[in-house]
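One structure is given here, and the rest of the page talks about it.
None of the values given here were measured: they were computed from a predicted structure.
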Amino acid sequence: MSDYRVPMADMRFLLFEVFQADKILGNMEETNGVSADLINAILEEAGKIAEGLLAPINRRGDLSGCHWQNGEVTTPEGFREAYKAYAEGGWSGLTGNTDFGGQGMPKLLSAQIEEMLLAANCSFALYTILTTGATLTINEHASKVLKARYLPKMYAGDWTGTMCLTESHAGTDLGMIRTRAVPQGDGSYSITGTKIFITAGEHDLTENIIHLVLAKIPDAPPGPKGISLFLVPKFVVTDNSELTGARNNVTCGSIEHKMGIKASSTCVMNFDGAKGWLVGEKNNGLSNMFTMMNYERLSMGLQANGLAESSYQTAAEYARERVQGRAPGGAATPDKTADPILVHPDVRRMLLTMRANIMAGRALSMYAALQLDIARFNADASARHKAQQLVALLIPVQKAYCTDRGFEACVLGQQVLGGHGYVAEWGLEQNVRDVRIAQIYEGANGIQALDLMGRKTVRGGGKLLQVLVAEMDEFCSQHQNYASMVPYLPYLEQCKQRLIRTTERVIQQAEINADEIGAASYPYMELLGLSLYCFMWQRMLAAALHQQEIGTGNAAHLSGIIKTGNYFFTRLLPRTDSLAAEIAAGSDSLMALAEEEF
């Protein structure tokens with residue numbers, strides 16, 4: 001089994017050559033101190049954590065899992081020590097508000113670190129990601145008192161955070177939740193209800209856990225508009241952020257026995273008159289929680305990218321070393337009894353499909369993260385608005401398409417190894433199990449596609465897509481006289497036109513038949529995802545070709561990028577034709593069967 005290695009060359013290429021992170025961040029006041037040297041230094045240190053601390057305890061965590069007894073959860077051996085080192089390194093507050101002890105780093109940087117951690121040890125990383133999302137929501141929506149009381153300890157890594165949304169009868173349809181919040185005389189609320197599938201709801205890594213809980217106050221409006229958001233600590237905290245020693249009435253009823261991410265505690269959480277405090281305005285909890293959700297959904301795409309990268313590394317190394325059969329044109333290594341399986345076209349198909357999608361997925365994730373930073377830090381209101389529009393369009397696609405392709409990549413990596421991929425010692429079967437959840441949680445991919453097609457596209461009249469199209473047009477305009485890009489630009493133009501035509505058709509058909517939205521939603525998400533991968537590959541090729549021509553960068557690395565890009569355009573991108581045809585087929589055949597015919 002090969003050990004995970006941070007793909008530092010690819011990450012730096014994307015950060016500095018494709019997205020010019022140091023220049024963009026340098027032009028925004030709150031991030032102008034984030035230089036290339038600082039980015040590189042942080043990436044190097046994060047790489048040491050991923051490779052040296054987390055990867056070695058990954059399989060051990062999978063084998064032993066978490067254990068629940070009498071309401072307490074014990075994490076696997078080595079996790080507490082690893083978390084202590086992580087917290088002492090200052091990683092918990094990397095993107096946090098500097099007013100409360102955070103470091104104020106941009107998401108564009110932290111996204112790369114998340115990918116590293118998720119690739120090295122997915123279960124461990126989930127404890128840290130939930131805390132980051134919780135602190136973001138508290139910082140954006142909580143009162144000054146709550147911020148001062150909770151954020152410093154969470155940024156320091158002393159306390160972790162969760163998000164408590166789902167109930168046994170209310171998953172996607174959160175308007176159905178039954179958890180209640182009754183106001184008390186001291187300004188707090190009494191929270192009562194049960195939440196399920198709560199990642200990191202209980203564990204032994206920190207002294208306190210801060211839950212963000214969706215609940216309904218008495219006389220709240222029905223449905224989603226009647227949901228409020230509350231902060232509920234495991235242990236009650238004083239005004240000076242000290243533990244009182246009093247346990248709040250929140251307990252872990254059990255943990256789930258899962259297909260993967262076994263070292264991540266997925267809990268049933270019982271709130272029995274627990275003391276909580278309102279975060280933001282009454283009845284606006286769902287909107288406030290979505291501050292966290294956009295970042296968490298980005299993380300799910302990063303999870304898939306990271307585990308796909310881990311699988312690719314093992315599969316590529318195996319393909320170079322495993323000898324079976326002979327190359328189609330004759331022996332490639334006549335001095336040996338057989339050739340490495342890398343000579344076989346179908347093995348190359350699998351590896352190149354993995355690599356092409358991993359690189360595009362990582363680029364798309366960076367592109368989305370950059371928009372989050374612009375929306376958060378840019379002083380120009382028009383730039384912030386444009387970035388917010390792009391975030392609304394990109395996040396459901398990044399979450400769904402990256403996780404679909406990530407799962408596919410992990411399965412392909414397993415297939416490259418054949419029988420060895422199916423046994424535990426190589427780690428690929430764990431990657432397949434761990435990555436599978438990314439397509440399900442934080443909003444299942446079908447829901448992401450429906451949100452994209454229905455709310456973001458049809459009901460929005462396609463206006464968000466117009467913002468992306470303008471980005472594509474600007475890129476083409478900037479590169480139309482660049483000779484090396486002339487063979488590639490038509491691919492992007494064709495994708496753009498296909499998207500425009502397909503979007504217009506669905507909007508028109510949806511006025512006649514409401515089923516057209518749901519029928520088109522998943523293939524439309526895939527069409528937009530594949531088109532975005534095309535856009536990312538255009539940007540990567542432009543940067544690689546430019547570096548190649550001026551003689552900078554590693555020649556072999558650049559050559560590999562360019563050749564992988566060619567594979568993407570010729571072998572993967574043609575699927576846009578079949579996706580467009582699937583959407584054009586409409587809803588008739590999909591809705592034709594009667595209920596009893598299933």
Side-chain angles (χ1 to χ4, degrees), residues 14-35 39 95 97-99 104-111 136-137 139-141 280-281 284 287-288 290-295 297-298 301 363-399 451-452 454-480 492-493 495-497 499-500 503-504 507 528 531-532 534-536 538-539 542-543:
L14 287 170
L15 280 168
F16 300 122
E17 304 302 331
V18 176
F19 294 109
Q20 299 185 324
D22 49 335
K23 295 178 182 177
I24 292 177
L25 297 173
N27 287 329
M28 296 187 291
E29 183 177 352
E30 292 192 53
T31 58
N32 61 17
V34 186
S35 64
I39 291 172
T95 60
N97 186 338
T98 55
D99 292 340
M105 291 293 111
K107 187 63 183 179
L108 184 60
L109 172 59
S110 70
L136 177 71
T137 304
N139 182 64
E140 288 291 321
H141 302 293
E281 311 82 4
N284 198 38
S287 175
N288 291 343
F290 266 92
T291 298
M292 181 178 186
M293 290 294 286
N294 271 337
Y295 282 79
R297 286 170 175 170
L298 177 69
L364 177 57
S365 300
M366 285 193 189
Y367 184 52
L370 180 59
Q371 305 311 316
L372 285 167
D373 286 333
I374 293 171
R376 181 183 176 190
F377 295 123
N378 201 296
D380 186 321
S382 62
R384 291 198 307 273
H385 178 65
K386 175 184 172 183
Q388 289 163 355
Q389 290 179 302
L390 284 170
V391 166
L393 183 72
L394 294 174
I395 290 297
V397 185
Q398 184 270 348
K399 192 277 181 185
D451 174 56
L452 171 70
R455 189 163 65 92
K456 304 287 179 61
T457 303
V458 173
R459 286 195 284 278
K463 291 181 180 179
L464 294 181
L465 181 64
Q466 292 171 12
V467 180
L468 176 63
V469 166
E471 288 270 292
M472 293 176 172
D473 286 340
E474 182 181 0
F475 175 87
C476 291
S477 177
Q478 291 172 345
H479 294 85
Q480 61 183 348
L492 183 57
E493 179 64 25
C495 275
K496 183 192 76 174
Q497 295 299 334
L499 269 176
I500 293 171
T503 302
E504 290 174 347
I507 291 173
L528 183 51
S531 300
L532 280 165
C534 172
F535 187 27
M536 294 303 103
Q538 295 277 327
R539 299 180 70 145

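Remark: I395 CD1 to L452 CG distance equals 12.0 Å, nearest 0.5 Å. Taken to the nearest 0.5 Å, the CD atom of Q480 stands 10.5 Å off from the CG atom of D473. Between atom NE2 of residue H141 and atom OG1 of residue T291 there is a gap of 2.5 Å, rounded to the nearest 0.5 Å. To the nearest 0.5 Å, the span separating CG on L136 from CD on E140 amounts to 5.5 Å. Within the model, atoms OG of S531 and CD of Q497 stand 11.5 Å from one another, a figure rounded to the nearest 0.5 Å. Distance CE/M472 to CD/E493: 10.0 Å, rounded to 0.5 Å.
When side chains are defined from C-beta on, L499 does not count as touching V469, because their heavy atoms never get closer than 4.5 Å. Put simply, the side chain of I39 does not reach to within 4.5 Å of the side chain of L108, judged on heavy atoms. Looking only at side-chain heavy atoms (C-beta outward), T457 and L465 stay at 4.5 Å or farther from each other.
Not a single side-chain hydrogen bond (donor to acceptor under 3.5 Å, both in side chains) links S477 to another residue, sequence neighbours left out.
Residues A387 and A375 approach most closely at CB-N, 3.7 Å, considering heavy atoms. Residues F475 and A542 come closest through the heavy atom pair CZ-CB, 4.0 Å. What you find for V458 and I507 is that their closest heavy atoms are CA-CG1, 4.0 Å. Scanning both residues, T137 and N288, for their nearest heavy atoms gives CG2-O, 3.7 Å. Residues V397 and L393 come closest through the heavy atom pair CG2-O, 3.5 Å. Residues T98 and G104 come closest through the heavy atom pair CG2-N, 3.9 Å.
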Return a table of donor-acceptor pairs under 3.5 angstrom between the side chains of residues 22-31 and protein atoms on other chains or two or more places apart.
residue: N27; atom: ND2; partner: K23; partner atom: O; Å: 3.2
residue: T31; atom: OG1; partner: L25; partner atom: O; Å: 2.6
residue: T31; atom: OG1; partner: M28; partner atom: O; Å: 3.4

Passes side chain to side chain contact (heavy atoms under 4.5 Å, CB included), E471 versus L390? Steps please.
CA-CA 10 Å; E471 288 270 292; L390 284 170; 4.2 Å; yes
Between K463 and Q389, is the side chain to side chain contact (heavy atoms under 4.5 Å, CB included) condition met? List the steps.
CA-CA 9 Å; K463 291 181 180 179; Q389 290 179 302; 5.6 Å; no
Show your reasoning for whether side chain to side chain contact (heavy atoms under 4.5 Å, CB included) applies to V391 and I374.
CA-CA 10 Å; V391 166; I374 293 171; over 6 Å; no
L492 vs K496, test: side chain to side chain contact (heavy atoms under 4.5 Å, CB included). Steps then yes/no.
CA-CA 6 Å; L492 183 57; K496 183 192 76 174; 5.6 Å; no
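With hydrogens and angles disregarded, a donor-acceptor distance shorter than 3.5 Å links the side chain of K456 to the backbone of A392. No donor-acceptor pair closer than 3.5 Å links the side chain of R455 to the backbone N or O of G460. Panel note: side chain N378, backbone R384; no donor-acceptor pair is recorded below 3.5 Å. A donor-acceptor pair under 3.5 Å links the side-chain atoms of Q398 to the main chain of L298, judged by distance alone.
Below 30°, between 30° and 60°, or above 60°: for F535 and Y367 the angle between ring planes is above 60°, a perpendicular geometry.
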